[in-house]
Amino acid sequence: MTSSAISARLSPSASPRLITLASTVVKAGETARASLKRRRVTEMVSKAPRDYQTEIDVTVERIIVDQMVQAFPAYSIKGEEDVGNRVADENAPVIYIDPIDGTTNFAWGIPHFGMTIAIAEAGTIVAGVVYDPMLDELFSAELGGGAYLNGERIVCVHNADIENVVVGAGLPVPGQVKAVPEAVYFDALKRLMANTAGVRRLGSAALSIAYVASGRLDGFFEDGLSMHDYGAAALLVTEAGGRVSAFNGGPVTANGDILAGNMSLHPWLVEGLEGERG
Ligand code: IPD
Ligand code: CA
């Protein structure tokens, strides 16, 4: 895809840096899309129980790392699969890469997964892209520049009519929930089931959070995420006028408990994760 075709899918004021992230993620996505099929557990590497890596996670990360090294030779790189991680100068911007977010979906042949790249400067995400190669949907944002989906500005839908919201949430594997007692997390899920129009576990945290930015979901929460998964998507939400916090409503920490929501719904979601404190 030419650089002008990519630019047409971003903000009119997109920086050359964002254009590079976008063209890279779209190119990487072609490889993943063409390789989608059901894999057997014996065909994958288990990084930990229920945490998989396919050969395509590594191939896609290699494609992204090669482009990043060429375009940003002085930046640090932190990729989920550690294909080309490096620390440049300690003050250098950091590139976060998740080559396939939703690896379990991908490995089972379920066509919902994404690739995402974010750039952080002094600990703040300043640019990010999330790409769904199956739907050819490119989400992008730069700090202060708004959030976009395939060239259209996106905004959160400010809906706090609880009966008529749809909320995404991670269904945790054992040990994943650490920010609150597991019972509190499960009660928060039950509260969603009892009160909202529906709960969705889509299988890619990056895409689910991007869906909050585009109003397809009213909120989302999951514990144990890493910057690779949520960094770019969190910027999308804040640039789309929504809120991203830790479960307690405070600033996001390295713990990886992430709660994203439209501004009106966010407080209700925080309340649901308060448990005994509430
Ligand atoms: C995973 C996906 C999934 C979420 C997991 C993440 P990965 O990322 O975002 O939706 O439930 O917690 O680890 O491992 O496929 O990059
Ligand atoms: Ca991944």
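Read the numbers this way: they start at 1 and go in the same order the structure lists the ligands and their atoms. Everything numeric here is computed off the predicted structure, so don't read it as measured data.
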| field | Location of contacts on Leu225 toward ligand 1, heavy atoms closer than 4.0 Å | value | side chain
| said: On a heavy-atom basis, I'd like to know which of Ser226, Gly102, Ala206, Pro172 is closest to atom 7 (P) of ligand 1. | reply: Gly102
| field | Which residues share a ring pair (Phe, Tyr, Trp, His ring centres under 6.0 Å) with Phe113, sequence neighbours left out | value | Phe106
| remark: In this structure, atom 4 (C) of ligand 1 is nearest to the protein heavy atom Glu222 OE2, 3.1 Å
| request: Please write down residue, atom name and distance for the protein heavy atom closest to atom 14 (O) of ligand 1. | output: Glu80 OE2, 3.6 Å
| field | Sub-3.5 Å N/O-N/O distance, Thr104 and ligand 1 | value | no
| Metal environment of the Ca ion (ligand 2), protein N/O/S under 3.0 Å | Glu80 OE1, Asp98 OD1, Ile100 O
| task | Identify the protein heavy atom lying closest to atom 1 (C) of ligand 1, giving its residue, its atom name and the separation to 0.1 Å. | result | Asp101 OD1, 3.9 Å
| note | Among non-hydrogen protein atoms, atom 16 (O) of ligand 1 lies closest to Asp98 OD2, 3.0 Å
| said: Looking only at protein heavy atoms, which one is nearest to atom 3 (C) of ligand 1, and what is the separation? | reply: Gly203 O, 3.5 Å
| request: Indicate, as side chain, backbone, both or neither, the part of His228 found under 4.0 angstrom from ligand 1 when only non-hydrogen atoms are considered. | output: neither
| Do the charged groups of Glu142 and Arg17 touch, with an N to O distance under 4.0 Å? | no
| field | Whether over 12 other heavy atoms sit under 6.0 Å from Arg40 CZ | value | no
| request: Heavy-atom distances under 4.0 Å are what count here, so tell me which part of Arg201 touches ligand 1: side chain, backbone, both or neither. | output: side chain
| note | The atoms of ligand 1 lying under 4.0 Å from a heavy atom of Ala205, numbered in the order shown, are 2 (C), 9 (O), 10 (O)
| task | Give the numbers and elements of all ligand 1 atoms closer than 4.0 Å to a heavy atom of Thr103. | result | 15 (O)
